[in-house]
Amino acid sequence: MSERFDPSLADGRWQRVWDERQCFRADDASAKPRSYVLEMFPYPSGRIHIGHVRNYTMGDVLARFRRMQGYEVLHPMGWDAFGMPAENAAMEKNVHPGGWTRANIATMKAQLKRLGFALDWSREFATCDPEYYGQEQALFLDLYAAGLVYRKESAVNWDPVDQTVLANEQVIDGRGWRSGALVEKRKLSQWFLKITDFAEELLEGLQSLDTWPEKVRLMQENWIGKSQGMQFRFAGSNFDGGIEVYTTRPDTIFGASFVAVAAEHPLAQGLASNAAHAFIEECRRGGTTAAELETAEKLGFDTGLKVAHPLLPGTELPVYIANFVLMDYGTGAIMAVPGHDQRDFDFARKYHLPIIRVVAASTEDADRPFGDEAEAGDGVLVHSDFITGMRVAEAKAAVIARAEAEDWGQGQTVWRLRDWGVSRQRYWGTPIPFIHCAACGVVPVPKAQLPVTLPEDVDFSSPGNPLLRHPTWKHVSCPDCGGPATRETDTLDTFVDSSWYFLRFASQPADKPFDPAEIARWLPVAQYIGGIEHAILHLLYARFWTRALKRIGKIDIAEPFASLFTQGMVTHETYARTDPSNGQPIYFSPAEVARSGDGATLIADGEAVEIGRVIKMSKSKKNVVDPDEIVAKYGADAVRWFMLSDSPPERDLPWSEAGIEGCARFVQRLWRLCGQYDAAAQGENPALDRKRDQTVAAIAADIEALSFNKAVARIYELTAAVEKAPASASRSAAIRALLLVTAPMMPHLAEELWAQIGNSGLIAEAAWPAVDPALLVEDEVTVAVQVKGKLRDTLTVAKGTPSATLEALALASDKVQRALDGAAVKKVIVVPDRLVNLVA
RNA sequence: GCGGACGUGGCGGAAUGGUAGACGCAGGGGACUUAAAAUCCCUUGAGCUUAGCUCGUGCGGGUUCGAGUCCCGCCGUCCGUACCA
């Protein structure tokens, strides 16, 4: 056995062995219990990031652990391969998006392989494979047939220079992020998925996801945004027609003092006066950034129109156009109750409108004046005719009942969630499988003609969608009438691609998207791991897609991810100097800096650099480390070990050179320890046996809970205990156990040592060590002795020592007597096996 | 503004209401070595009148025999969100 473990030789050797023996191939026919462990698949941007390493290491530990526990594990990997960066690269570097993507996949796959992840590569696919996106087109057609896909005119952000549609995130201060051109609003006919049909069940389904982070569930809940209230009609009293408004507080209807409509509301748009037009224009110019909204003043315009209050005959309310009313929520018009809504309150103060109290703490408080704020809380209705004296909830129901009985309004649920627009005017995505025919309209591509593949010969030299200007691709004959027709040139949002990839991993027949029986065997995903940035869109879309497929009878599960875990980021110190010419920081990469103690110097000139905050790794701050470089320098296991150590997995992990060196040292420490392994050693060490089984059991619990940092600490403890113990059969057994529990985390080292100590099989295929339940219970315990709650002594006694004995032992202690200082003991609290507290 | 999470040594962090600081990093001292690396041993919350004692988990209260943990009120940091009627 050589003196040091050499990962540069061992890592590759074991990776090849695992590959050759197909150790991590999931067997569809297995009779074992199954476990599907999945990490969010990467976008092939070029190289893997340290964040991927952390994400995939966590999943890998869980997958390997489950395998050792006797599960048939599905742990696949693939590529979220469509998207804008490939097109941007095509435009900038004059390469084909497909070629660029494939090259990136090859690079990143090799990088992942060097980390030794226990992945079933036989199921690998990229979403840009026609075999995948063709099946996606088939599913899209199925959803269309079921009425869950439709087309409508919708406004988009149009960049007139790049000739492209921009996502909201790509519009910065009203200009295209790439071209800098002023963005226009354009109406385009776009494809939508009816996610709003599922709003209620997507919301209710969150209840069942009790192992999802509370934070994610809350974010989704807010995004879906259910609100219950009443929609009703104010009849115009000096104009024809009326105004439909929506409110969540029908109970406060007697406190309404005006009605407000959005600037885009048809009623506002229909006004003839120049002043009205000027005001509407002013509203449109108003900024929409968060900062602007926060300071935005409530502005209004009195239209001169009046409406009749439905419950107060003879009472008329003025109609304002207000800048705080949104056209795309509710009906775009509100009843304003200044006393009990802060916005209405601000507005009423400004325009000297009545502020009427209709909710108070009690009926005696009915005429208490308002302070500086509206009172939106619960209470008792006052000054409110037939609902006076009711509590808010009761009054809401009473007003709705009255409105429905008299037919001027009804209870109404309003959602914030909007239907999912999936059209993208881009090349590098899944072609939407429809054909436009002048005679037949919009016609689905017959399934037999799928996949509708992307043309290879595309031109990125001018802006706009290459599919639109391709000379031949879009020209086809109509599947219905055979006449000349054109293909849809929009492609699908890439979130569609990631909404069902987890199903395709579990089952990938050639002739259909998946086999329902195979899906039933593997799904739902037992543990899904990824970044918090996908808390809403990806996770909501995947949940929707799964439910939609269930509704149309394709699968039998409603929720795709039984358990979700969102891991923290990998962070790093920043190193910078201030540029004297402009006061801006100049950043240096960790490789350019020598770190020592609490300072750092630039290697190039030996002068000090400032150590900045520990923040997310980013290219602009240069605080990045490259996974390849650190794997080459320290070996895959040290890197994996670092990813699991110290920080709890949901929190940020600060990368440090000292930290990874500590991990590399531990790799060698285990290596040396196993060098002392003696298969023939005799003799027992009961204390070590106990420590071994307790540690094994605790680590299993820690991995189950994804508390990898705690599992790592326990491995350190067991290692120290084994190092101190003299040779014995117990010590040899402890070394074997140590290797087995370390194997999911440092598989190459464990594999190498497993073979060294004389095992013929692979540790990757070994079983998790069994523990003796009797050994998990301590036979000797340390009992704390307190005087008035302060620790004064400890006792080491047999477990189960009677309380009376403990009390006597405590009183016999010199330290206790000194602390009591002659005072009489008034009360004694004994917690068996834990503590004695003497109260003087 | 609203919602959420978090706040413990020099740092990352442990701790079913029961011995605060496990484990790692960094620091200090020593051993081995011609020397270095590697390794091993000891030590490391603060203070004090140092066989010991006092203080100590963001701040102020409270509940309890006992609070990092539970309750009330603040402060700070981070994340999400935004005029949603």
Side-chain angles (χ1 to χ4, degrees), chain A residues 3-4 213-216 218-219 221-223 225-227 229-230 245-249 252 260 262 286 288-290 292-294 296-298 322-326 328-337 340-344 346-347 376 414-416 532-533 535-536 571 573 595-598 614 641-642 645-648 650-663 665-666 668-669 672 707 709-717 719-720 723 782-795 815 818-819 826-831 833-840:
Chain A
E3 250 169 62
R4 293 179 65 79
E214 191 58 39
K215 181 191 173 87
V216 174
L218 201 73
M219 283 164 74
E221 197 179 309
N222 291 338
W223 185 263
K226 181 179 187 176
S227 110
M230 177 173 89
V245 304
Y246 171 74
T247 181
T248 54
R249 294 294 302 273
T252 62
T288 52
T289 67
E292 282 169 314
L293 284 175
E294 193 154 355
E297 203 179 344
K298 302 282 176 286
N323 65 342
F324 68 90
V325 178
L326 306 176
D328 60 359
Y329 185 79
T331 61
I334 61 162
M335 75 163 185
V337 183
H340 307 286
D341 180 283
Q342 190 58 43
R343 293 156 302 179
D344 301 350
D346 296 343
F347 192 91
V414 167
W415 303 86
R416 185 184 173 279
I532 187 71
E533 66 274 20
I536 298 176
T571 58
E573 289 176 333
R595 188 77 171 73
S596 67
D598 51 5
V614 178
W641 188 248
F642 185 94
S645 302
D646 296 348
S647 290
E650 68 279 9
R651 280 202 227 164
D652 289 350
L653 172 67
W655 177 269
S656 77
E657 202 69 10
I660 181 66
E661 275 166 11
C663 293
R665 271 202 298 277
F666 182 66
Q668 300 303 336
R669 188 173 157 201
R672 283 191 303 274
S707 297
N709 56 324
K710 293 187 220 169
V712 163
R714 291 186 208 282
I715 289 175
Y716 277 114
E717 281 186 67
T719 303
E723 283 171 341
T782 304
V783 173
V785 182
Q786 298 178 340
V787 175
K788 287 187 284 187
K790 281 186 200 289
L791 182 74
R792 295 300 173 184
D793 202 357
T794 57
L795 306 169
K815 291 173 181 169
R818 228 179 302 141
K826 285 186 249 164
K827 189 173 174 186
V828 181
I829 289 108
V830 180
V831 183
D833 298 334
R834 294 231 60 147
L835 144 155
V836 180
N837 189 9
L838 305 169
V839 184

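Because only heavy atoms are used, hydrogens play no part in the values below, and waters and symmetry mates are left out as well, while side chains stay in. Throughout, protein chains are lettered first and strands after them, A, B, ... in sequence-line order, and every chain is numbered starting at 1. No experiment lies behind these values; they were computed from the predicted model shown.
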Reckon [X] touches a base, only the sugar-phosphate, or nothing at all at heavy-atom distances under 4.0 Å?
X       : answer
T782(A) : base
V831(A) : base
V325(A) : base

Roughly how many Å is it from [atom1] in [X] to [atom2] in [N], rounded to a whole number?
X       : N       : atom1 : atom2 : value
E221(A) : rC2(B)  : CD    : P     : 18 Å
Q786(A) : rA20(B) : CD    : C1'   : 12 Å
R665(A) : rA38(B) : CZ    : P     : 8 Å
L835(A) : rC65(B) : CG    : P     : 14 Å
N323(A) : rA85(B) : CG    : P     : 17 Å
E3(A)   : rA37(B) : CD    : P     : 17 Å
R669(A) : rG24(B) : CZ    : C1'   : 10 Å
R818(A) : rG52(B) : CZ    : C1'   : 8 Å

Need the pair for [N]. Rule: Watson-Crick or G-U wobble, both distances under 3.5 Å, any strand; none if unpaired.
N       : result
rG3(B)  : rC79(B)
rC40(B) : rG30(B)
rG17(B) : none
rG12(B) : rC23(B)

Starting at the 5' end of RNA chain B, which residue's closest nucleotide do you reach first, D328(A) or L791(A)? L791(A)
Between A658(A) and I829(A), which has a closest nucleotide on RNA chain B that is more 5'?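 Counting from the 5' end, the first nearest nucleotide belongs to A658(A).
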Which value, in whole Å, describes the distance between the [atom1] atoms of nucleotides [N] and [M]?
N       : M       : atom1 : result
rC79(B) : rG13(B) : P     : 16 Å
rA46(B) : rA22(B) : P     : 13 Å
rU43(B) : rG58(B) : P     : 28 Å
rA20(B) : rU69(B) : C1'   : 11 Å
rA31(B) : rA36(B) : P     : 12 Å
rU63(B) : rG9(B)  : P     : 27 Å
rG12(B) : rG21(B) : C1'   : 13 Å

Spacing of [X] atom [atom1] and [Y] atom [atom2] [to the nearest 0.5 Å]:
X       : Y       : atom1 : atom2 : result
H340(A) : T252(A) : NE2   : OG1   : 7.0 Å
R669(A) : T719(A) : CZ    : OG1   : 6.0 Å
N837(A) : K788(A) : CG    : NZ    : 10.5 Å

For side chain to side chain contact (heavy atoms under 4.5 Å, CB included), just list the numbers for D344(A) and F324(A), CA-CA rounded to whole Å, side-chain angles, deciding distance to a tenth of an Å, and then say yes or no. CA-CA 9 Å; D344(A) 301 350; F324(A) 68 90; 3.7 Å; yes
It should be established whether [X] places a side-chain nitrogen or oxygen under 4.0 Å from OP1 or OP2 of nucleotide [N].
X       : N       : answer
Y716(A) : rG24(B) : no
R834(A) : rU16(B) : no
R4(A)   : rU39(B) : no
K790(A) : rC55(B) : yes

Which letters describe nucleotides 4-14 of chain B, given B = protein heavy atom under 4.0 Å from base, S = only from sugar-phosphate, - = neither? S-------BSS
Partners of R714(A) by side chain to side chain donor-acceptor pair (under 3.5 Å), sequence neighbours excluded? D702(A)
Would you name the heavy atoms of L326(A) and A262(A) that are closest together and state the gap between them? C-CB, 3.9 Å
Kindly label the base of rG12(B) as syn or anti, based on whether its glycosidic torsion lies within 90° of 0. anti
Is any side-chain heavy atom of V712(A) closer than 4.5 Å to one of F666(A)?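 Answer no - side chains too far apart.
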